[in-house]
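Take a look at the structure set out below.
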Amino acid sequence: MKDESTPGVAIRLNQVTKTYGSGNAVVTAVKSTTLDIFNNEFFTLLGPSGCGKTTLLRLIGGFEYPTAGTILLGGEDIASVPPFQRPINTVFQNYALFPHMTVAQNIGFGLRMLKRPRHEIAARVDEMLKLVRLENLSDRRTSQISGGQQQRVALARALASEPKVLLLDESLSALDYKLRKEMQMELKSLQAATGITFIFVTHDQEEALTMSDRVAVLSSGEIMQVGTPHEVYIKPANHFVANFVGETNFLQGRGLNSDDRGAVIDVRGVGAVAIATKDRVAPGQLVNIVVRPEHLRILPLAQEPAGQLTGSVKAVSFCGAETQYTVELSRGAAVVTVRRYNTPEENLPIAIGDEVSVNFTPNSAQILPA
Amino acid sequence: MKDESTPGVAIRLNQVTKTYGSGNAVVTAVKSTTLDIFNNEFFTLLGPSGCGKTTLLRLIGGFEYPTAGTILLGGEDIASVPPFQRPINTVFQNYALFPHMTVAQNIGFGLRMLKRPRHEIAARVDEMLKLVRLENLSDRRTSQISGGQQQRVALARALASEPKVLLLDESLSALDYKLRKEMQMELKSLQAATGITFIFVTHDQEEALTMSDRVAVLSSGEIMQVGTPHEVYIKPANHFVANFVGETNFLQGRGLNSDDRGAVIDVRGVGAVAIATKDRVAPGQLVNIVVRPEHLRILPLAQEPAGQLTGSVKAVSFCGAETQYTVELSRGAAVVTVRRYNTPEENLPIAIGDEVSVNFTPNSAQILPA
Amino acid sequence: EGNLNIYNWGEYTSPELIDKFSKTYNIHVTQTDFDSNDTALAKVRQGSSGFDVVVPSQSFIPTYIQEGLLAETNPGQMENAKNLEERWRDPAFDPGRKYSVPWLWYTSGVSVNTSVFNGDINTWKVILDPPAELKGKINIVPEMNDIMFAAIKFEGGTWCTSDKALLTKVRDRLLEAKKSWLSIDYSGTLKMASGDVSASLDWSGSALKRRTQNHSIAYGLPKEGFTYGSDNVVVLKDAPNLENAKLFQNFIMAPENAALNSTFAKYGAAIIGAEKYYSDDMKGAPELTIPDDMKSKGELLTLCDPKITQLYSRIWQDVQK
Amino acid sequence: MAKAFPVTHQRGFGTVAITTFIFLYAPLAVALVFAFNAGTSPAKWGGFSLRWFQSAANNQQVISASILSLKLAAISATLSTTLATLAALAMSRTPRFRGWTLAYSAISFPLMVPEIVTAVALLVVTATFRGWTGYSGLGYLVLAHTAFCVPFAYLPIRARLQTMDISLERAAGDLYASPWNAFRFVTMPLLFPGILAGFILAFVTSLDDVVITEFVKTAGQDTLPTYMLGQVRRTITPEVNAIAAVFLLISVALVMCIYVVNQRTKIN
Amino acid sequence: MASLEAVRSKSASRTRWLLISPAVLVVIIGAIAPLLVIVTYSFLTPGPTGGVNYTLSFDAWTRVLFDRDVFDDTLTLSGTNLEILLRSLLLSLATTVLCLLVGFPTAYFIATRNPLNREVWLLLVTVPFWTNLLIRTFAIQDLIRNEGIINTLLIKAGFISEPIQMLFTNFAICLGLVYVYLPLMILPVYASLERQDRSLLEAASDLYARPFNVLREIIVPLAKPGIIAGSILVFIPAIGTYVTPILLGGGRNLMIGNYIEFQFGQGRDWPFGSALSLALMAIVMVALLVYIRHGDSHGHEHG
Ligand SMILES: Nc1ncnc2c1ncn2[C@@H]1O[C@H](COP(=O)(O)OP(=O)(O)OP(=O)(O)O)[C@@H](O)[C@H]1O
Ligand SMILES: Nc1ncnc2c1ncn2[C@@H]1O[C@H](COP(=O)(O)OP(=O)(O)OP(=O)(O)O)[C@@H](O)[C@H]1O
Ligand SMILES: NCCCCN
Ligand SMILES: [Mg+2]
Ligand SMILES: [Mg+2]
């Protein structure tokens, strides 16, 4: 069953469902998921713990079999191909390096299993060691190298046999902050250098946004949104995505009227608020206005006439580069968070208890069904 | 030895040194440190791993004895007082809750050891449970409650016997992002409510800045700077503090001239740059100009005449709320990082390889000796 | 050729004898020890024990025969049977020697370390109502019939009595005496030399052997009555090596071979001409003869009626636990 | 000035511990010393000599008992380790399944029953079987030993498997190793210390057994322990100590062997 | 597709049982089935020459608790059987308690050494354990006999003039059992102490607990699973012991193990022996139940 119609697709998931258990205790880890992942793409599966990311990866890797649906690799159904025959390799979350082998033996393992000639293996291992900059550690045991180095060995090992697709399960979660940032860069450039399709799993939204060409946001086994990082952050498809990716303020209201260029929403306790959107909002429809904290402007009320929203400051939190203000809007409309960069000279003269005006431009808000 | 001269001081460290090991393998964990921590203060020890934070805390708690120097509690030398007689309690990093006791038994443990009457203990435990809002979990085992709840039990347990000083060692590090933010707030308000001196240890600069009245920044067993969060971020005392607290760009140059209102620095490959500072810079003196990434402005060179600095973009990294630009300044002056909030409409038309102009105002930079 | 599995009392088989037998016939010999006739019988009764020859006391031989445990090897007709002493040639327990060959003979009495106690030792009192010096230093060999015999005689009864009143006294006597006993142990007599034990219900040869190691040990035959008897080599019906077993039966009836045994275990052989091969310490040893004035007190031990034996055995169990 | 508050210090525990170690070693030391006694008492020193080693080496019964002991231990340790390895692999490399608890209880059963009970039970059964079949060879002992060695072999193997990361085998599969190759190149080398520990534990357990052997053996099947138990029916001489010395040496060597292997191959 | 998953799990299940069954089978044949046989035997009557007669009877079980008088066959609560059971129980409990009293501080001592030395100390505990049981028991015998080292030293030192009778006493049995099974106590207790989080001790000190209170309130309660495991591991073999009473008890201080053996040997009463074995099993099972109740709850019990 060759599917010639989609040349650019590396992996195609077709209505894939995976359930665990039986009887009353059925857990649906992946719910009829359909998804195309393209060649040469850095694709990320993002979602909270337990949403099914690992399961999806394991389905692709062949460690689990789908309960329903098909998985195509390069257009070919791979249902009956066991893991050790799939040209798909995995970088495991804990690296899973073989402790009884040296770095070089680890990297060469896949090729040895593929019965490649010795000299070819040796050459390829050298090449890989160079790629991940570990030439002089080739004879070390994997227990004698640092976490970051182990991660690079795991990568080299998975890449050595030139897989079509590389799967990475939370490969950076165990690293500390600095090392993690570094490895993000390295992964990104390795992907660019090798041109292999990377499917990366993380629960860290910043990591997902920074690294990926496209992101799929998952929740409870279902895909909520697939798009570029920018799309996902700026135009979240639903409440879940808006909330999970970045910090967000929600203002509940009802549609007043809407046309091609925007809508006017009646926010309880605030009044009419104009939003630039192409979506139509039916009059009376309950919706959420979504605004990011950094898109809100805050000013002392005394200093300036009231804008769209007014409220009183509940908390001011100095975070170095930024200050975060927590504002309770008047008449209980909502509690919103505002962030702004600190100026070097002084902080805004805003303190806890102050009355403030909070504004945003019509362009900076989104509308989502409530 | 009562020291009456300093009524507001809760803990005084006087030339405290602590070394581990002997012979060739001596490690100096704390180097002749002198420090006053005031009553009712939320004081934070901030520094990278291994800088001696825990050691300092353990010295105060009585688990280690200083190699040299004295520690005064309320003006009294406590060198020979064992931990179980010091009115100082600790919230351990891993909470160290007694797994074989209920929440209530944990909280009452200290009072029980102090042989307080039963009814007094019961009353105090109830009070503490209320304080940390865990009334209905009092009979749970500590293994049956969540991380955040455990942390609150640890707090309540340490507070129950009304210590003079509370020590908290990386008490939030183990929590996940959301919970951690929440607990920061709670800790802060608990400190305000009880009026007890909190000494808090963290390696997370954002946490330190957000929570503390004052921060001491440590490096290799020495105090680098003590001050309010704002002082430490905006006026770092030295290169280490500037680098460790927040992200920073350094531009190396030599003094040209300076007066009361500022200095002009000759930055290699850039030319004269004016900085608003009260510090005098001798002509020819090697200095670093320190600018925070969020205080740099970036614009396409094509769009606008060149500002102070020009360079080409090496990397653009989308992080959701912000985008980070890595710019290599012309003539190899430096590589700087620029951060700015994303606008909702579109990103800046700046891509990798673009020539850009990078500016900052004289006010937004600091000068530090190189 | 082949094997021979011997099941015998511990410390009762001369290694030289085994060596010699082994070399003569090129037979590999294995030995297992037992410590009482009851243990041996129990093991043999389980069946398929793998043993070829067993050496029970003559009192048990009728039981072995009745239960069909033995192979009829007719040792009385063997070449060396001519060496049998007259009084062991046609015994009541095995008329015509159809099954058994005498190994060694013994009397059952008490050995005492005279440096600890030098009063009258020709009485069961030594172990059943012991003087203060011996309390807590007494060993009893775990041979039920011997100890029951001693106790019944001490209480003035006759062997195989079923008189309840007397047996109650016997039981009480034993229970009382047990408090003075240190151990109920086959090797207890062996420990006399080392000082742990100072008096024991014992057998003649064993007593002699101890005396050669510790000269203050003496053997007494109780005037209340004592038993004598012999241990006999029989061949089991399910013996895996029947022919070798027969060879062995014949072999030990040769005087010089019987003497090897005697010299090792210090008991008297039942074979004519064995004496001249005895070691010096055995020659004229008092342990090996029954003095004329005691001859009337000696009884050849027989097993009682099974009902009575069962009664005795339960008394013995009560004492043991 | 002390360096740190001694939070783990408990008064008197050190003294008790040292006393305990003396208690553990004093009898062994005495027994060892008397192996070199020239006299005939295992308690009264009569000068130095190696005569009891010689005497043990010449004692036909000791030699054949030793050979049987070692043979039995080798056979039953090999068998039980093999069986335990298979079972441990199946029981810890798959998710919990129905019957897991049953299988686990069965395997650890011999650990929970007092030896004497198993011993008399086996006595009864083997006696009957011997009667039926007429076979009275080593088979009964091998079976009995293998059975009670299974849990001893199983425990360290399973412990090793549990600390062994299952993702290593997955990684092997991911890297084109067929299930057999994954076992051969990854599972087996990593499991080896556990298997070795299991084997040695089973070996020593078999070598050490008195009670079950005593009840199951038939004529000519004395192992060294049952031969030594038979010592209660013989004169005790330092020959026993000499045998003990040799066996102590073997045990220590085996323990050291496990120790070294474990040190070398700690899973990181 | 669903069937593919099903087929895989079915064949996996078959392989699994193929791997497990040999081990289980051997244990069944070599340990479990014989036990079932003696369950049957305990309800039969003794054969005249050992073995059994196939007639149903509860006599064996009756005799576990009651005595038929030697002379008049009246049933009374069996003083002697109970005495043996009680002695076995007391001796094994005393052994367990002594092992704990000695073993706990020892385990604690090892657990508080630095990690490198710990392994060596632990090795020192295991070496005697791996030495043949008989060898160890003989060693004790040599040590405590009247002419043994201890008595000789005491006499030489002038503390006593007559050797103290230690061999062939209950004390000797207890000493022997403690000696032989002590490592079985130390190892699990050590395991639970070694896992203990040092910061819990610091937390207790921080909260005004003096060292003894730290021991009582934190260390011991948290080591409870190890203590229970150790106690069970010592108790089971101690109560069923057979060799030690023979070698150190001099055959006059019988324990239940010897009494059982007696029934299969000289006593020639297999049903009664079987019933006694099963009674012993029952005691052990009760002990195990206690273990499962308290040992598995991770010691989160507080007294
Ligand atoms: N073998 C299994 N048996 C039963 N349920 C399972 C199994 N594996 C996973 N699950 C369940 O399936 C769901 C998805 O699990 P999965 O491991 O894919 O989540 P995840 O997104 O990787 O989470 P995490 O970020 O915590 O790793 C969860 O509810 C999990 O409990
Ligand atoms: N018991 C000890 N023995 C020897 N050196 C020690 C000991 N404890 C700490 N050190 C050393 O002292 C220095 C300070 O350690 P400390 O634990 O106080 O650092 P820290 O700031 O708390 O680090 P982290 O953030 O990693 O907890 C380190 O170099 C450490 O290696
Ligand atoms: N020592 C052997 C004794 C034999 C008694 N019949
Ligand atoms: Mg996962
Ligand atoms: Mg620390």
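To find a chain, count down the sequence lines: A is the first, B the second, and so on, and within it residues start at 1. Basis for what follows: all heavy atoms, side chains included, without hydrogens, waters or symmetry-related copies.
- For D/Leu102, the CG atom sits in a loose shell: 12 or fewer heavy atoms of surrounding residues, nucleotides or ligands are nearer than 6.0 Å.
- Heavy-atom distances place the side chain of E/Trp17, and not its backbone, under 4.5 Å from chain D.
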Practice problem: Take E/Ile219 and D/Gln10, measure what side chain to side chain contact (heavy atoms under 4.5 Å, CB included) needs, and give me the verdict at the end. | Solution: CA-CA 11 Å; E/Ile219 299 171; D/Gln10 291 292 337; 3.8 Å; yes
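- Proximity to chain D involves both the backbone and the side chain of E/Val125, based on heavy atoms less than 4.5 angstrom apart.
- Using a 4.5 Å cut-off between heavy atoms, E/Pro237 makes no contact with chain D at all.
- Listed options D/Ala144, D/Ala119, D/Ala103, D/Ala127 were ranked by heavy-atom pairs under 4.5 angstrom with chain E; first place goes to D/Ala103.
- Contact of E/Phe138 with chain D is made through the side chain alone, with heavy-atom distances under 4.5 Å.
- By a heavy-atom distance cut of under 4.5 Å, D/Val16, D/Ala17, D/Ile18, D/Thr20, D/Phe21, D/Phe23, D/Leu24, D/Tyr25, D/Pro27, D/Leu28, D/Val30, D/Ala31 are the residues of residues 16-31 of chain D near chain E, going up by number.
- Counting heavy atoms from C-beta outward, D/Val211 and E/Val243 have side chains that approach closer than 4.5 Å.
- Considering CD1 of E/Ile29 and CG of D/Leu122, their distance stands at 11.5 Å, rounded to 0.5 Å.
- Proximity to chain D (any heavy atom under 4.5 Å) is shown, for E/Leu122, by neither the backbone nor the side chain.
- No other option in D/Leu143, D/Val124, D/Leu224 has as many heavy-atom pairs under 4.5 Å with chain E as D/Val124.
- With a 4.5 Å cut-off on side-chain heavy atoms, E/Val127 and D/Met256 do not count as touching.
- E/Val102 touches chain D through backbone and side chain together, each having a heavy atom under 4.5 Å away.
- Looking at E/Trp270, only its side chain comes within 4.5 Å of chain D, counting heavy atoms on both sides.
- At a 4.5 Å heavy-atom cutoff, the contact between D/Thr128 and chain E is made by side-chain atoms alone.
- For chain E, the nearby part of D/Val204 is the side chain; its heavy atoms alone come within less than 4.5 Å.
- If you measure heavy-atom distances from E/Gln141 to chain D, the contacts under 4.5 Å come from the side chain alone.
- Rounded to the nearest 0.5 angstrom, D/His9 NE2 and E/Leu215 CG are separated by 11.5 Å.
- With contacts defined as side-chain heavy-atom distances shorter than 4.5 Å, the pair E/Val24/D/Ile107 qualifies.
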Self-check item: Pair D/Phe34-E/Ile149, side chain to side chain contact (heavy atoms under 4.5 Å, CB included): steps then yes or no
Solution: CA-CA 11 Å; D/Phe34 277 95; E/Ile149 292 273; 4.0 Å; yes
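- A donor-acceptor distance shorter than 3.5 angstrom exists from the side chain of E/Tyr108 to the backbone of D/Thr8, with no hydrogens or angles considered.
- Distance check: D/Met112 CE to E/Met285 CE gives 5.5 Å after rounding to the nearest 0.5 Å.
- Listed for the E/Glu202 side chain is no donor-acceptor partner under 3.5 Å among the backbone atoms of D/Val7.
- The shortest side-chain heavy-atom distance between E/Asp142 and D/Val240 does not fall under the 4.5 Å cut-off.
- When each of E/Ala238, E/Pro128, E/Ser21, E/Ala31 is scored by its heavy-atom pairs under 4.5 Å with chain D, the top score falls to E/Pro128.
- When all heavy atoms of D/Ala147 and E/Gly30 are compared, the pair lying nearest together is CB-CA, 3.7 Å.
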Practice problem: For E/Trp130 and D/Leu201, run side chain to side chain contact (heavy atoms under 4.5 Å, CB included): C-alpha distance rounded to whole Å, both residues' side-chain angles, the deciding distance at 0.1 Å, then the answer. | Solution: CA-CA 9 Å; E/Trp130 285 48; D/Leu201 201 58; 3.3 Å; yes
Quiz item: After noting the C-alpha distance and the side-chain angles of E/Glu261 and D/Phe215, does the key distance pass the side chain to side chain contact (heavy atoms under 4.5 Å, CB included) rule?
Solution: CA-CA 9 Å; E/Glu261 187 271 341; D/Phe215 284 71; 3.0 Å; yes
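- Neither the backbone nor the side chain of E/Ile28 comes within less than 4.5 Å of any heavy atom in chain D.
- Of all the listed residues (E/Arg136, E/Gln263, E/Arg198, E/Gln196), the one sharing the greatest number of non-hydrogen pairs under 4.5 Å with chain D is E/Arg198.
- Side-chain atoms of E/Tyr242 and D/Leu229, non-hydrogen and from C-beta on, do get closer than 4.5 Å to each other.
- When side chains are defined from C-beta on, E/Val284 counts as touching D/Pro114, because their heavy atoms get closer than 4.5 Å.
- In this structure, the portions of E/Thr131 lying under 4.5 Å from any heavy atom of chain D include both its backbone and its side chain.
- With chain E as the partner, the residue from D/Phe247, D/Phe148, D/Phe109 showing the most heavy-atom pairs under 4.5 Å is D/Phe109.
- Of the listed residues D/Ile243, D/Thr118, D/Val120, the one with more heavy-atom pairs under 4.5 angstrom with chain E than any other is D/Val120.
- For a residue to count as touching a neighbouring chain, one of its non-hydrogen atoms must lie under 4.5 Å from one of that chain's; by this rule D/Asn241 touches chain E with the side chain only.
- Taking every heavy atom of both residues into account, D/Leu83 and E/Pro22 meet most closely at CD2-CB, 3.5 Å.
- If you measure heavy-atom distances from E/Ile20 to chain D, the contacts under 4.5 Å come from both the backbone and the side chain.
- The shortest non-hydrogen separation linking D/Pro225 to E/Asn132 is CG-ND2, 3.5 Å.
- Annotation: the span from D/Met228 atom CE to E/Ile135 atom CD1 amounts to 4.5 Å, rounded to 0.5 Å.
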Donor-acceptor list for residues 152-159 of chain D side chains, cut-off 3.5 Å, not counting sequence neighbours:
none

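- With chain E as the partner, the residue from D/Thr126, D/Leu32, D/Val113, D/Ile116 showing the most heavy-atom pairs under 4.5 Å is D/Ile116.
- In this structure, the portion of E/Leu182 lying under 4.5 Å from any heavy atom of chain D is its side chain and not its backbone.
- For chain D, the nearby part of E/Leu288 is the side chain; its heavy atoms alone come within less than 4.5 Å.
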